[in-house]
Amino acid sequence: VDLYGGIVSGLILTSDQLQVLLPEVSSAVMAAVLFGLLLLLLFVPDRYFSSVAAVGLSIMLIILASLLITGGELVALGELAEDQVMLNWAGISPATGVAIYSFMVHSEAPLVYQLMEDRSRWTQAVLCSSALAAIFLVGLAMVCYSFFGGRLAQSFPENLGRSLDLELLPGQLNGVMSYLSLLAVSLKLLVNVPLLAAPIIQAFKHGCGLRGRFSCAVLKLGMALVTAVLCWVLKDDAALIIELVGIVPQNFTCIVLPCAALLKLHGDQMGYLRRGLLGVLTLSFAVYGVAGTVQAVLETL
């Protein structure tokens, strides 16, 4: 569920950015384009996944450079946002969901482990990649919010090269940078699809007992069609999908269930304080999973 939510939300954001690049294209045509792209990406062989990851990292460096250039221009023009809020209590629940959503790679762990050449370095790879990803994401979010404040778009590349009113800043560089950033992030979101889809396809193949290339091709065709339709129907709800994926499946998969399992298996070997704290943590995030879902849904009504 979490991986599929990541695919859907990523494709919706891709559609949003492509609509900025190609405003004359209707949402129905864009859904058809996404279907074609998704179908191609689902047939990417496993051996190319590491190359796909390298492409994604290179794109993020381009985006970071564009962000710093745009921020510098806003400072020079005196147009930097001033509506930042230090603490927004109403936003804590959805923000926590988005933060937990970032750990989607938790469901990718078995696949990534199998693709490693030297599996003895798994622990080191997990610690380094998680720490670097957390530092990068938190730093990027803080910089974006400090530059754009409440004018930050659903997908922040839409702000790059543009003013707070999303108008292009003066100079040809900003026009090129804006369109290049939108195209680059669209590519970044698309290259994530094969890695996210692989475990889903494998689960369906084993669960349904599918064998042979034809059955697998039909499964991928159906997945691409259903996903494209969902992206068209939910085209304005990418933020809600990300919040709900973090609050429900990711929360229970990464926090609640592991803590509950630890209590069940080793609770009698723990001290009262440690066991109590782990129990409170488990209960708190379980309640958050329910309350956060209700809040996120009610805010969309």
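Residues: numbered from 1 along the sequence shown. Quick note: numbers below take in every heavy atom, side chains included, and nothing from hydrogens, waters or symmetry partners.
- Take E82 and apply the side chain to side chain contact (heavy atoms under 4.5 Å, CB included) test, not counting sequence neighbours, and it matches no residue.
- Partners of A291 under the side chain to side chain contact (heavy atoms under 4.5 Å, CB included) rule, at least two apart in sequence or in another chain, do not exist in this structure.
- Other members of the cluster containing V176 do not exist, because no ILVMFWY side chain is joined to it at under 4.5 Å.
- Members clustered with L283: V287, by chain and number, using a 4.5 Å side-chain heavy-atom cutoff among hydrophobic residues.
- More than 12 heavy atoms of other residues, nucleotides or ligands lie within 6.0 Å of CZ in F252, so this atom counts as buried by the packing criterion.
- Residues that satisfy the side chain to side chain contact (heavy atoms under 4.5 Å, CB included) test with L166, not counting sequence neighbours, are N159.
- Rounded to the nearest 0.5 Å, atoms CG (L281) and CD1 (I255) are 7.0 Å apart.
- Test L38, D16, L234 against L11 for side-chain contact (heavy atoms from CB on, under 4.5 Å) and you get one pass: L38.
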Ignoring hydrogens and angles, write down the donor-acceptor pairs under 3.5 Å from the side chains of residues 265-278, residues two or more places apart or on other chains.
residue, atom, partner, partner atom, Å
R275, NH1, G267, O, 2.9

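- I69 belongs to a hydrophobic cluster whose remaining members, ordered by chain and number, are M177; membership requires side-chain heavy atoms of ILVMFWY residues under 4.5 Å apart, directly or through intermediates.
- A donor-acceptor pair shorter than 3.5 Å can be found between the side chains of S181 and S66.
- Checked against salt bridge (charged side-chain N to carboxylate O under 4.0 Å, His left out), D165 has the following partners two or more places apart in sequence or in another chain: R151.
- One finds the CG atom of L221 at 7.5 Å from the CZ atom of F43 (value rounded to the nearest 0.5 Å).
- In this structure, S178 contributes its side chain and N174 its backbone to no donor-acceptor pair below 3.5 Å.
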Quiz: residues 223-233 side-chain donor-acceptor pairs under 3.5 angstrom, not counting sequence neighbours:
residue, atom, partner, partner atom, Å
T227, OG1, Y4, OH, 2.8
T227, OG1, M223, O, 2.6
W232, NE1, S27, OG, 3.2

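- A donor-acceptor pair under 3.5 Å links the side-chain atoms of Q84 to the main chain of A81, judged by distance alone.
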All N/O donor-acceptor pairs, side-chain side in residues 139-146, below 3.5 Å, sequence neighbours left out:
residue, atom, partner, partner atom, Å
Y145, OH, V85, N, 2.8
S146, OG, M142, O, 3.3
S146, OG, V143, O, 2.7

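- Around CZ of R119, the count of heavy atoms belonging to other residues, nucleotides or ligands within 6.0 Å exceeds 12.
- Put simply, the side chain of R162 does not reach to within 4.5 Å of the side chain of T70, judged on heavy atoms.
- The side chain to side chain contact (heavy atoms under 4.5 Å, CB included) test applied to K188 returns I59, M60, N192, not counting sequence neighbours.
- None of T14, L37, L13 except one satisfies the side-chain contact (heavy atoms from CB on, under 4.5 Å) rule with S186; the exception is T14.
- Two residues are said to be in side-chain contact when any heavy atoms from C-beta on lie closer than 4.5 Å; L80 and F148 fail this criterion.
- Other residues sharing a hydrophobic cluster with L40 under the 4.5 Å side-chain heavy-atom criterion for ILVMFWY residues do not exist; the residue is a singleton.
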